[in-house]
Number of protein chains: 2
Amino acid sequence: MIRIVLAEDQRMLLGALAALLDLEEDMQVVGTASNGEDAIKLVQLHKPDICIMDIEMPVKSGLDAAEELKGLGTKIMILTTFSRSGYFERALKAGVDGYLLKDSPSEELATSIRSIIAGRRIYAAELVDEAYGEENPLTEREKEVLVLIADGKNTKEIASQLYITTGTVRNYISVILDKLHVTNRIEAIMRFKEKGWFK
Amino acid sequence: MIRIVLAEDQRMLLGALAALLDLEEDMQVVGTASNGEDAIKLVQLHKPDICIMDIEMPVKSGLDAAEELKGLGTKIMILTTFSRSGYFERALKAGVDGYLLKDSPSEELATSIRSIIAGRRIYAAELVDEAYGEENPLTEREKEVLVLIADGKNTKEIASQLYITTGTVRNYISVILDKLHVTNRIEAIMRFKEKGWFK
DNA sequence: TCGCGAGTATGACAAATGTCATATATAAAT
DNA sequence: ATTTATATATGACATTTGTCATACTCGCGA
């Protein structure tokens, strides 16, 4: 019997997935969580065979949780909407055993789980292709600036928050626009988001 | 027996919900679609008791589909992530019989379906409160401009696309910022999105 | 230790953005 | 018929944003 812990912040999906997996006679959902923090506790408590996690969850993200749970016997599988390569790379580094997209047909879930339990690693094909495709070209400081821009802050606010001059901030932005091949702040935010480079 | 058509573009959720509902002895999923167009066809074909739809789907949105399906005997229930009041208001106008959030626990789904079949209307409580809370204060023209801004376009591009001068575009933006109580384009986009006023 | 590249920082300058006063058209209210 | 309100449109002006040349530091390899 494959013992499973599920972590997913969208309650409807959480419940529906639990129902779906419980239908399989070789599987049993032993715990469900709706944030990364609770997921960690449940895994430590129940020592399931596998933990299936979303990425974007409150309190602690699925990737954070995956990194913390590395080393325990429990296999980790990420189940998320995002085909952002940034997330996928980080998941690989965290040593997750599977990465499936919520766009995949539901039948694939049980199949993938069995494969992972059998020792294989399952990654959504769409991701493997584009994976190490593009590195985030921004430096730490530049990222810091872009995050503040995306937060709606203007140059002056950013400058005072980072204790640098407005000239410097504007220069960083200029470099950011250049590196991302765009021409204004709004496009920079769009591009950075679509690449999955935020956070 | 309650006959159900499901429409949801996220395959995993679509399959899981079907499994969940098929577990109820008084319910039967007679068709599933992953876009609004197919959902309409399935409803016309099967004449189910109720059709449960997501909003953001390819080809045709759930709200578009709901508007087209008005009048047929089939009850319509929206099941979506978005608690945006804009969506909710449009759904009410389309005469949907239920509006549930994906954040709600999965048990509520079957319960809500039975209530709707019994003739009641079920709306997520969170929404009813904030519903007619705020009207979108922008005029058509202003919305048009803001959509282009959110698309990353600059003043000159917007001006030439709308056949007005850059001065006019900048004035619209100034009015938009004022109406939304923000001070730059990026904040305007954020605010408009969080209110669910796009589209 | 010299040079090279990368990251950080600045200010001068040019271009884009935001503000404001103003004008016209149109529809509703008096 | 006249006032009032609203949407649309424009240009002058001030501020903010984006570009570019430049400078300093640090670590790395020659």
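Chain identifiers are assigned alphabetically (A, B, ...) following the order of the sequence lines, protein sequences preceding nucleic acid strands; residue numbering begins at 1 within each chain. Side chains included, hydrogens not; waters and symmetry mates left out as well; all remaining heavy atoms used.
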**Message:** Can you measure A:R170 atom CZ to C:dC13 atom C1' for me and round it to whole angstrom units?
**Reply:** 10 Å
**Message:** With a 6.0 Å cut-off on the ring centroids, do A:F88 and A:Y123 count as close?
**Reply:** yes
**Prompt:** So what does B:S174 touch, heavy atoms closer than 4.0 Å: a base, only the sugar-phosphate, or nothing?
**Reply:** base
**Prompt:** Can you tell me if the side-chain N/O atoms of A:T166 get under 4.0 Å from OP1 or OP2 in D:dT17?
**Reply:** no
**Request:** Select from B:V175 and B:N184 the residue whose nearest nucleotide in DNA chain D is closer to the 5' end of that strand.
**Result:** B:V175
**Request:** Could you tell me the separation between the NZ atom of B:K179 and the C1' atom of C:dG18, rounded to a whole number of Å?
**Result:** 16 Å
**Request:** Identify whether any heavy atom of A:T165 sits under 4.0 Å from a base atom; if not, whether one sits that close to sugar-phosphate; answer base, sugar-phosphate or nothing.
**Result:** sugar-phosphate
**Asked** Just wondering, do B:C51 and B:M53 contact through their side chains at under 4.5 Å, heavy atoms?
**Response** yes
**Request:** Would you mind reading off the distance between A:D178 atom CG and C:dG7 atom P, rounded to a whole angstrom?
**Result:** 13 Å
**Asked** Looking at five pairs on each end of the helix from C:dT1-D:dA30 to C:dT30-D:dA1, what is the angle between the two axes, given to 10 degrees?
**Response** 20°
**Prompt:** Would B:S115 and B:S112 count as having a side-chain donor-acceptor pair, cut-off 3.5 Å?
**Reply:** no
**Asked** Between A:T155 and A:R185, does any side-chain donor sit less than 3.5 Å from a side-chain acceptor?
**Response** yes
**Request:** Can you tell me the distance, in whole Å, between the OH atom of B:Y172 and the P atom of C:dA16?
**Result:** 22 Å
**Prompt:** Do we see a donor-acceptor contact under 3.5 Å between the side chains of B:T111 and B:E107?
**Reply:** no
**Prompt:** Expressed in angstrom and rounded to an integer, what is the separation of B:I149 atom CD1 from D:dT17 atom P?
**Reply:** 14 Å
**Message:** In this structure, how many angstroms lie between the C1' atom of C:dG18 and the CG atom of B:L146, rounded?
**Reply:** 15 Å
**Request:** Would you indicate what A:T168 reaches in the nucleic acid, counting non-hydrogen atoms under 4.0 angstrom: base, sugar-phosphate, or nothing?
**Result:** base
**Message:** For B:D26, is there an ion pair with B:R3 - N to carboxylate O distance below 4.0 angstrom?
**Reply:** no
**Request:** Name the nucleic acid region contacted by A:N171, choosing base, sugar-phosphate or nothing; use a 4.0 angstrom heavy-atom cut-off, strictly under.
**Result:** base
**Request:** Determine, stepwise, if the pair B:E8 / A:K102 fulfils salt bridge (charged side-chain N to carboxylate O under 4.0 Å, His left out).
**Result:** CA-CA 11 Å; B:E8 160 64 56; A:K102 288 182 185 171; over 6 Å; no
**Request:** Measure from CD1 on B:I176 to P on D:dT8 and round the result to the nearest Å.
**Result:** 11 Å
**Asked** Below 4.5 Å, heavy atoms only, C-beta onward: do B:Q161 and B:L148 meet side chain to side chain?
**Response** yes
**Message:** So that I can tick it off, tell me whether A:E142 and A:K179 are bridged by a salt bridge, with the cut-off set at under 4.0 angstrom between side-chain N and carboxylate O.
**Reply:** yes
**Message:** Is a donor from one side chain sitting under 3.5 angstrom from an acceptor on the other, for B:R170 and B:Y172?
**Reply:** no
**Message:** Please compare B:G167 and B:E140 by the position of their nearest nucleotide in DNA chain D and report the one closer to 5'.
**Reply:** B:E140
**Asked** Among residues 153-164 of chain A, which contact DNA chain D at a heavy-atom distance under 4.0 Å?
**Response** A:N154, A:T155, A:K156
**Request:** Look at the side chain of A:R141 and the base of C:dG7, then say whether one donor and one acceptor between them are separated by less than 3.5 Å.
**Result:** no
**Asked** Rounded to whole angstrom units, what separation is found between the CG atom of A:L180 and the P atom of D:dT19?
**Response** 12 Å
